[in-house]
Amino acid sequence: MPELPEVEVVRRGLADHVVGRRITAVRVLDVRSLRRHVAGPEDFALRLTGRTVADARRRGKYLWLPLDGVDHGDDALLAHLGMSGQMLISEPDAPLQKHLKVTLDLEDGAQLRFVDQRIFGGLAISDGGADLPAEVAHIARDPLDPAFDPDEFAARLKRRETGVKRALLDQGLISGVGNIYADEALWRVPLHYARNTRTLRRTEVDTLLHHVTEVMSEALAQGGTSFDALYVNVNGASGYFDRSLNAYGREGEPCGRCGTAMRRSPFMNRSSYWCPRCQPRPRNGRF
DNA sequence: CAGGCTACCTGCCCGC
DNA sequence: TGCGGGCAGGTAGCCT
């Protein structure tokens, strides 16, 4: 579900409501959400209790909260929202959400809740991960990161022998882009999702990068994309970028540029949405 | 390295 | 009303 803009909305919410607060109690309601914390739920709770959240950081779709505290190293609470994960700030006595997995009581009386319907997301404590968790080391910088290097991206992309959308979804090459924003950026360029990366000229790479960055920035400014209540910010509010989508989910609807009916094609066990006129399928790997 | 497939889960929607 | 299949914003691992 959440891609970079949605995760960044959550990160900002955590920065506002959680950073600087001490964790006074931890409850794990479903151990499956701690699959990546191999030491188990008791260890998880023990090591979080009493710690103060020092910061809220993000790279791509990964979030982490560096922790302060005596007797501990510079470790962090690592989170990935997967397809359906939510971080919600609640009153402790608020009704329990159906898919509530973990609660963290904060010293100011609020409660941070991790809710996750499909359990593809999860929480873990990353040893020494305050700066950059080892679990995130394989993730490339995202285009909203000031240190993102377009030259390096272009060089690595050119060395690939693959389709351009597959490359965009490769979090080791560029992070934060998921199925929605990949289709939106490709529509804006415009470029067919199967276009071979080796045939892209540098100007096309730069245009693509421009649109990837722009569409995610615009979505962030509108609070992200929410099709339903599964994606919400820490206060439970939806984003409204879904109204601005030009490609994703628009099969059969007219292209916003040329009016041709948009198409949906199976791609990597999901779907790609594209305009057959603006984004013609490449021939000879080029056009 | 590329990429196809599977697994990890729940829920919704559709056709029968 | 129920059942099966397909679909959904993601990632990791195994195999060829």
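Residue A:Asn269 is classed as a base contact, given a heavy-atom separation below 4.0 Å to a base. The residue A:Ser226 sits close to a base: some heavy atom pair falls under 4.0 Å. Among the atoms of the strands shown, only primed sugar atoms or phosphate atoms (P, OP1, OP2) are found under 4.0 Å from some heavy atom of A:Glu161. Note on A:Phe241: nothing from the nucleic acid sits closer than 4.0 angstrom, heavy atoms only. Here A:Lys101 lies out of heavy-atom contact (under 4.0 Å) with every strand. Heavy atoms of A:Phe227 sit under 4.0 angstrom from at least one base atom.
Distances were taken from every side-chain heavy atom of A:Arg32 (C-beta onward) to each of B:dC9, C:dC7, C:dG10; the shortest belongs to B:dC9. Listed nucleotides: C:dT11, B:dG3, C:dG10. Nearest to the side chain of A:Gln171: C:dT11. Taking every side-chain heavy atom of A:Arg160 into account, B:dA2 is the closest of C:dT11, B:dA2, B:dG3.
In this structure, A:Leu230 atom CG and C:dC7 atom C1' are separated by 13 Å, rounded to whole Å. The distance between atom CD of A:Gln117 and atom P of C:dG10, rounded to the nearest whole Å, is 15 Å. Protein atom CE of A:Met83 is 15 Å distant from nucleotide atom P of B:dC12, rounded to whole Å. A:Phe120 has its CZ atom 12 Å from the C1' atom of C:dA12, to the nearest Å.
The side chain of A:Arg270 contributes an N or O atom lying less than 4.0 Å from OP1 or OP2 of C:dG10.
Taking the six-membered ring where the residue is Trp, the centroids of A:Phe241 and A:Tyr231 are separated by 6.0 Å or more.
Using the Watson-Crick or G-U wobble rule with both distances under 3.5 Å, B:dC12 pairs with C:dG6. Both distances falling under 3.5 Å, in either a Watson-Crick or a G-U wobble arrangement, place C:dC15 opposite B:dG3.
Nearest-nucleotide positions on DNA chain C place A:Arg118 closer to the 5' end than the other of A:Arg118 and A:Tyr62.
In this structure, A:Arg58 pairs ionically with A:Asp142, as a charged nitrogen and a carboxylate oxygen lie closer than 4.0 Å. Salt-bridge formation is detected for the pair A:Lys165/A:Asp183: a Lys NZ or Arg NE/NH1/NH2 atom is positioned less than 4.0 Å from an Asp or Glu carboxylate oxygen. Classification of A:Arg141 and A:Glu152 as a salt-bridged pair fails, no side-chain N sitting under 4.0 Å from a carboxylate O. A salt bridge links A:Glu8 with A:Arg12: the distance from a Lys NZ or Arg NE/NH1/NH2 to an Asp or Glu carboxylate oxygen falls below 4.0 Å.
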